[in-house]
Every structure is written in C-alpha cells, then in structure tokens.
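Report on the following structure.
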Amino acid sequence: MPLMEPYRIKVVEPIPVLTRAERTEAMQTAGYNPFNLSADRITIDLLSDSGTGALSAAQQAAGALGDETYAGARSYFRFHDAVAELTGFEHILPVHQGRAAERILFGAMLGPGRVCVSNTHFDTTRANVELSGATAVDLPSAAMKDLDSDDPFKGDIDLDALSAMLAGPEDVAVVVMTITNNGGAGQPVSMANLRATAELCRAHGVPLILDAARFAENAWLVIQREPGWSDRTPAEVARAAFDLADGAVCSLKKDAIVHMGGFLALRDRELATRCEAMLIATEGFRTYGGLAGRDLEMIAVGLREVVDPAYLRTRAAQTEYLAELIQAAGVSIVRPAGIHALYLNAGRLLRHLEPAQYPGHALACELFVAGGIRCAELGSLYLGVEDAEGRLVKPAPYELVRLAIPRRVYTQSHLEYVAEVIAGIAKDPESVPGQRIVSAPKLLRHFHCRTEPIS
Ligand SMILES: *Cc1c(COP(=O)(O)O)cnc(C)c1O
C-alpha cells in the first residue's frame with residue numbers, strides 16, 4: 001500500500017511562503033529564537049505536535065452539540081464514557097491540559113523528601129514533581145544511550161535500576177511511565193516492560209501512573225514491534241496498558257487530536273476525592289475541569305478516531321517516510337523512527353561546530369532561514385549547564401533538533417519539501433554558522449534567550 005492519507009481535505013488554510021531575505025530578517029528580529037517567530041512567517045511548523053492537529057468533520061459536528069451547562073452537562077457524560085471505555089478507570093476528572101493533571105495529582109501524592117521515579121519525566125511532569133518539593137528520578141533503559149541502534153523499545157524503564165530504587169532507602173511515592181517516552185526521543189515502551197514495572201510496583205506497594213499523552217501511538221508500535229501483540233487492535237493494547245496502572249495523567253492535545261484538554265484518572269476513591277477538591281479550587285467543577293462543553297464533545301470523538309488502525313498506520317508511515325528521505329540525504333536521526341517526531345543528530349551533521357557554538361540551535365535556525373521550517377533544539381542550549389559568565393561548562397549529551405509532526409495537518413508533499421530543505425543543508429553543512437548567546441534569563445532559558453550567528 002502506498003502512503004495515502006485516509007481522509008480528504010474539506011477546509012484549507014494558506015501557508016506563508018517567504019523569500020530567503022524575508023526569513024533572514026524575521027530570524028534577526030526574533031533574536032534567532034524560533035519561539036519568538038510569529039506564525040505568519042512560518043511555512044512548515046514542526047515545533048510541536050501538541051494541540052496542533054486537524055479536527056475531523058465529526059469532531060466539529062460534535063462540538064456544535066456542546067452542552068455548556070455548568071454542572072452535569074450532557075457533554076461531560078459523553079467525555080466520561082469515552083475515557084472510561086478507553087481506560088477502565090473508575091474516577092475520571094477533566095482538566096484543561098495535561099500539566100494541570102500533574103499538578104493536582106503530585107500535589108496530593110508527593111511532597112518534600114518523597115521521590116517520583118520515571119522512564120523519563122516530560123519537562124512539565126518533572127517541574128510539577130519538583131514544585132511539590134519532591135525529587136524526580138529518571139531511569140531510562142540502557143538502549144537509549146545508543147542513538148543509532150534499532151532497539152524496538154528504547155522508551156522502556158531500566159528494570160534493574162527500578163528494582164534497586166524500590167528496595168533502597170528512598171521514599172518512592174509513585175512510579176510514572178511515559179508512553180511513548182517523549183523526553184526519550186519519542187521511543188515506545190513495551191508491554192513486557194510495563195507489566196514488569198507494574199509487578200515491581202505492586203510488590204513494593206507503590207502506585208503506578210501512566211503519563212499517557214501518546215497512548216495510541218505507543219499501542220501502534222507495540223502491535224508492530226512486540227511479539228504476541230500483532231493481532232490486537234490499538235484500543236485493546238491501550239486498554240491492556242491502562243489495566244496495569246493505578247491511574248493516568250493525560251494530555252489530550254496529542255492523541256485525542258483536539259486543541260485543548262486533559263484528564264486525571266484514578267482507581268483509588270480516597271485519592272480521587274482529594275484530587276477533586278483541588279480540581280474544583282483551581283480548574284473548575286468536576287464535570288468540566290476548565291474545558292468548554294464543546295471541547296469535551298470533540299475529545300470524546302477524537303479518542304475513538306485515534307485508535308483507528310487506518311489512521312495510525314498512515315501516521316506512522318508518514319514519519320517513517322520522512323525518516324527515510326532524511327537518512328538518504330546523509331543526515332542521521334535517532335533510530336528507530338518513532339511516530340510523533342524525528343530527532344536530527346545535529347552534532348554529527350555540523351561537526352565543525354563545538355557544543356558551545358550550539359550546533360542543534362544553529363541547525364534549527366538554518367532550517368528556518370533555508371526553508372521556513374520551524375522546529376526546536378534539544379541540545380546544549382536547552383539542556384547544557386553554564387557558569388556565571390554564561391560559558392557552557394557542561395554540554396548536553398547529544399545535540400539534537402526535534403521535528404514534531406502535527407496530526408492530520410501535513411501531506412506527503414509537505415514532508416518531501418522538509419526533506420528537500422534538509423538535503424540542501426546537508427550538501428554544504430560547513431556553511432551553517434554557529435550561534436552565540438546575546439542575552440539569556442536564568443529560568444526557562446531556551447524560551448527567552450536571544451542569540452546571533454558567529455561570523
Ligand atoms: C504534552 C505532555 C505533557 C503536558 O501536557 P500539556 O497538555 O502540554 O499540559 C505531559 N507529558 C507528556 C508526555 C506530554 O507529551
């Protein structure tokens with residue numbers, strides 16, 4: 001089967017195409033920070049797959065039926081039933097997005113001296129653990145260290161390290177499994193690893209929570225890659241994963257294909273009651289949680305659309321196709337390709353640049369100047385450590401650039417365009433200048449800093 005999107009386009013949005021001179025000027029005005037670019041300068045936006053998906057006609061029609069009743073809206077029950085059918089959890093709280101679920105849950109479960117262990121905490125997840133006063137510990141699998149290996153489940157947690165941690169002196173209050181592992185290059189978690197994690201957690205009386213933003217994409221990769229699962233449906237695999245956990249925090253801006261939403265789901269009534277009080281105080285009443293009735297309706301439809309094998313097959317094939325084109329142009333990516341994003345190995349492509357010249361950031365800037373493509377650096381600008389004078393003293397382990405792929409938004413020809421721009425850069429990588437920091441705040445540096453090319 002050729003790569004063919006299983007939908008046709010009914011509503012279109014023009015995309016800006018600027019000249020190279022206009023893009024260079026836009027980049028200068030933005031202080032060489034892609035986060036500062038306005039959308040009307042961007043041709044292909046691969047900054048995030050979060051809240052950037054295209055709604056279906058069925059979602060829009062459902063949205064029109066949104067019931068905006070303050071308490072007990074019909075839309076809430078449709079949302080509730082869709083989440084319950086998918087996850088099997090008893091207590092389901094809507095929230096405005098994933099991080100609100102994290103804040104509420106960790107506020108109730110964690111606190112100073114306690115520890116949260118994960119295959120890899122996503123950045124807001126870590127921030128909410130630390131805001132509670134607790135410590136976040138990542139235990140990624142050993143396979144994650146080799147960017148080039150084709151290990152099918154690099155997103156797994158390191159079970160030996162987890163076992164030692166649970167048996168050790170630390171006060172581990174919760175284990176969070178991120179599926180797929182967003183902080184770990186979007187790599188999937190195997191059902192075998194999830195089951196073993198659940199058994200360890202149960203043996204030590206520690207709850208297991210899924211950070212399930214990409215539950216459907218993880219399920220699809222399990223079906224493709226894990227022995228024993230190939231004849232199951234994505235919904236069955238997702239349910240099997242939720243069945244192993246005591247609860248879930250979930251951003252619905254990814255696999256529910258909506259622009260806003262999330263949920264917190266739990267089995268434990270007492271914990272759910274405490275979370276509900278916090279929800280009402282900070283998000284909204286328990287039947288809307290900061291969302292409009294129309295959002296709840298569109299989520300209910302999106303959760304059923306996302307587990308359609310025809311959709312997931314095409315989405316995975318799109319990413320795989322872009323990965324093939326990029327590698328054929330001689331550019332390395334973190335292998336194997338996941339689904340929601342590809343990670344370019346900028347350190348390897350721009351060998352002429354030191355980590356202190358921020359090769360990942362340099363490549364992200366070049367992708368915009370050369371082709372109007374916006375994406376995010378995941379390298380020393382984001383993860384490196386600087387001294388008081390702003391000199392890079394500890395580079396990130398890898399210099400990567402993330403190309404996130406919005407759901408149902410771009411077609412094959414858009415991806416071919418992206419690959420062509422990357423191939424053009426790969427023909428003469430040494431012409432890409434390094435970057436130096438002009439100004440940078442201490443907090444959330446990569447969102448706010450300004451840089452300039454080194455001439
Ligand atoms: C996006 C995301 C979150 C946070 O969700 P928001 O809806 O952006 O608040 C948490 N965990 C993972 C794995 C995510 O991808």
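All residue numbers refer to positions in the sequence shown, counting from 1. Fair warning: this is a prediction, and the values are worked out from it, not measured in the lab. Keep in mind that the numbers below use all heavy atoms, side chains included, and drop hydrogens, waters and symmetry copies. As the structure lists them, so they are numbered: ligands from 1, and atoms in each ligand from 1.
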Lys254 to Phe122, cation-pi by 6.0 Å centre distance and 45° axis angle: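 Cation-pi check for Lys254 and Phe122: passes.
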His340 and Tyr343 aromatic ring geometry - parallel, tilted or perpendicular at 30°/60° bounds: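 Judged by the thresholds at 30° and 60°, the geometry between Tyr343 and His340 is perpendicular.
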Whether His414 and Tyr410 hold their rings parallel, tilted or perpendicular, with breakpoints at 30° and 60°: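 Perpendicular, since the angle between the ring planes exceeds 60°.
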Charged N to carboxylate O under 4.0 angstrom, [X] versus [Y]?
X      : Y      : result
Asp255 : Arg214 : no
Arg195 : Glu199 : no
Arg126 : Asp138 : yes

For ligand 1, what N or O to protein N or O distances fall under 3.5 Å?
unit_1: ligand 1; atom_1: 5 (O); unit_2: Ser251; atom_2: OG; d: 3.4
unit_1: ligand 1; atom_1: 7 (O); unit_2: Gly98; atom_2: N; d: 2.9
unit_1: ligand 1; atom_1: 7 (O); unit_2: Ser251; atom_2: OG; d: 2.7
unit_1: ligand 1; atom_1: 8 (O); unit_2: Gln97; atom_2: NE2; d: 3.3
unit_1: ligand 1; atom_1: 8 (O); unit_2: Arg99; atom_2: NH2; d: 2.9
unit_1: ligand 1; atom_1: 9 (O); unit_2: Gln97; atom_2: NE2; d: 2.8
unit_1: ligand 1; atom_1: 9 (O); unit_2: Gly98; atom_2: N; d: 3.3
unit_1: ligand 1; atom_1: 9 (O); unit_2: Arg99; atom_2: N; d: 2.9
unit_1: ligand 1; atom_1: 9 (O); unit_2: Arg99; atom_2: NE; d: 2.7
unit_1: ligand 1; atom_1: 11 (N); unit_2: Asp211; atom_2: OD1; d: 3.2
unit_1: ligand 1; atom_1: 11 (N); unit_2: Asp211; atom_2: OD2; d: 2.8
unit_1: ligand 1; atom_1: 15 (O); unit_2: Asn182; atom_2: ND2; d: 3.0
unit_1: ligand 1; atom_1: 15 (O); unit_2: Arg214; atom_2: NH1; d: 2.9
unit_1: ligand 1; atom_1: 15 (O); unit_2: Lys254; atom_2: NZ; d: 2.9

